Amino acid sequence: MRGPCNHGVETDPSGDPVNTAVPQTEDAGAAASAGPTDTLGTSAAQARSAVLEELIRKDPGRFRVLTGDRPTGRLHLGHFFGTLHNRVRLQELGVELFVVIADYQVLTDRDVADNLLQHVEELVLDYLAIGVDPARSTIFTHGAVPALNQLMLPFLSLVSVSELNRNPTVKDEISHSRQSAVSGLMFTYPVHQAADILFCKANLVPVGQDQLPHLELTRTVARRFNDRYGAGSAVFPQPDALLSSAPLLLGTDGTKMSKSRNNAITLAATADETARLVKGAKTDSERHISYDPATRPEVSSLLLLAALCQGRSPEQVAADIGSAGAAALKKVVTESVNEYLAPIRARRAEYGQDRAHLRAVLSEGNERARAVADATLAEVRAAMNTCY
Ligand code: TRP
């Protein structure tokens, strides 16, 4: 293969190229026997995730994970049990972790990204509090990595307008958008997200179901880039989704837990705030507490939350409460959440005292991400014959 355009490409302090390719996981796909691996329907992704878990346990060093969040406010328990705790688990297993603070993505559904710096710092605080270790993992903002954005243009050329148009997550976001007109970024941000993932050649992306369409698009972009420009070798891996096994938590109003719907319990909430939020949560009039997500979604989501915090099953939690009613359920939920989050909240408060440390974590992460992105861009330019 052609060598990368080398101007401006850095090596890490050890002198090794920073952009070490992570091996593909074709054997995972073959073993999953879950149909074509590029059609990441939920059940296929679940089957594949089980196989991937096995491969991760055996050889964590072959995986590089990229995942991230929009800096629109503090992270909540839906994020935590959906994906955050999984990141730390992977880090502890020895997988290399990149976490993007997706600042440009904030502008998909609003005109102005308010209080961006504050929200970015809140996210860094949340990450540190849950145990993301900046010595082993890279936390960065994609706005600070210009080469990542430069990947977006060639990537955009690889997807059709109708593919962008039919993305179900984008459709859902448009219906909840606070803009009167839908911006071009709303349609194209999944391609930008592909660049988030591919600039560091991540081969594993822990996600919730809503992100599966974006991951499928990322795989499409990687495959098409390799086919069109790879001259027989793969420039990009086709990353796998690692689906969280935790079912979706509902917000206190019974709809999807979301920062913008004011129905979320944040990691940073105080014990009193947590009690107040849980107290106001929607339930039903049945006194006997049972776990039945289909017919009793609100009660079941509360049971699930308590169960996740207690490390038990929701059925066991329900059996403890029996016919004591919703007030007893809420008491159990509040106590479970507050007990589980106490150490995380204590760490968060501690890190919050040291703003200089937060800034340093971010600038070191940004620097590292820039070096990786520069190396990938050089490879892309070489593959596309645009080294001038
Ligand atoms: N779209 C994700 C969200 O809304 C955030 C995100 C940006 C992301 N880039 C990513 C997630 C790359 C996984 C991989 O939460």
Side-chain angles (χ1 to χ4, degrees), residues 40 45 49 63-84 86-87 90 95-110 113 116 119-120 122-123 126-127 132 137-145 148-149 151-152 155 164 167-174 176-177 185-222 236-244 248-249 256-261 264 266 365 369 372-373 376:
L40 280 175
S49 294
F63 292 98
R64 179 178 274 181
V65 159
L66 180 127
T67 181
D69 307 282
R70 296 178 184 187
T72 53
R74 295 169 166 182
L75 295 172
H76 55 64
L77 289 172
H79 297 122
F80 182 79
F81 288 112
T83 161
L84 297 175
N86 206 21
R87 298 177 193 175
L90 291 166
V95 169
E96 191 183 10
L97 179 67
F98 279 72
V99 185
V100 60
I101 297 178
D103 47 2
Y104 284 125
Q105 256 187 42
V106 177
L107 296 172
T108 53
D109 64 354
R110 63 200 82 186
L116 204 49
H119 289 326
V120 167
E122 295 277 0
L123 281 194
D126 282 334
Y127 298 150
V132 175
S137 299
T138 304
I139 300 172
F140 69 102
T141 48
H142 61 189
V145 186
L148 185 166
N149 295 331
L151 293 174
M152 189 183 176
F155 287 179
L164 296 177
N167 184 310
T169 300
V170 168
K171 281 186 188 162
D172 185 60
E173 285 167 344
I174 289 172
H176 289 103
S177 171
L185 186 62
M186 177 61 104
F187 284 103
T188 52
Y189 90 79
V191 182
H192 192 233
Q193 184 157 328
D196 291 345
I197 296 168
L198 295 178
F199 92 89
C200 66
K201 302 193 178 182
N203 56 1
L204 197 62
V205 185
V207 286
Q209 284 177 21
D210 63 325
Q211 298 294 304
L212 283 179
H214 299 348
L215 201 69
E216 189 164 353
L217 183 81
T218 304
R219 291 166 62 83
T220 302
V221 166
F236 293 110
Q238 283 187 59
D240 271 300
L242 189 69
L243 259 193
S244 159
L248 229 51
L249 280 174
K256 180 184 165 187
M257 194 183 281
S258 156
K259 280 176 264 194
S260 57
R261 293 182 200 185
T266 64
V372 174
T376 302

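As the structure is a computational prediction, the values presented were derived from the model and not from experiment. Remember, it's 1-based here, ligands and their atoms both numbered in the order they're listed.
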- Examine Q193 against ligand 1 and note whether any of their N/O atoms are separated by less than 3.5 Å. yes

- Would you check whether H214 has a nitrogen or oxygen atom less than 3.5 angstrom from a nitrogen or oxygen atom of ligand 1?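 For ligand 1, there is no N or O atom that lies under 3.5 Å from one belonging to H214.
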
- Message: Using 0.5 Å steps for rounding, measure from the NE2 atom of H79 to the CE atom of M257.
- Response: 9.5 Å

Nearest-neighbour protein heavy atom for [atom], which is reported as residue plus atom name and distance:
| atom | answer |
| --- | --- |
| atom 9 (N) of ligand 1 | D196 OD2, 2.7 Å |
| atom 15 (O) of ligand 1 | G68 O, 4.1 Å |
| atom 4 (O) of ligand 1 | R70 NE, 3.1 Å |
| atom 7 (C) of ligand 1 | Q105 NE2, 3.2 Å |

- Any heavy atom of Q211 under 4.0 Å from ligand 1? The part involved is side chain

- Item | Nearest heavy-atom neighbours spanning A202 and P237 | O-CG, 3.7 Å

Could you tell me whether the side chain of [X] and the main chain of [Y] form a donor-acceptor pair under 3.5 Å?
| X | Y | answer |
| --- | --- | --- |
| R219 | P239 | yes |
| T376 | C200 | no |
| R87 | T67 | no |

- Which atoms of ligand 1 are found less than 4.0 Å from any heavy atom of A102? 7 (C)

- Message: Show me which atoms of ligand 1 lie under 4.0 Å from any heavy atom of L66.
- Response: 12 (C), 14 (C)

- Please check if any side-chain donor atom of H142 sits under 3.5 Å from a side-chain acceptor atom of N149, or the reverse. no

- Task: Classify the angle between the aromatic ring planes of Y104 and H192 as parallel (below 30°), tilted (30 to 60°) or perpendicular (above 60°).
- Result: perpendicular

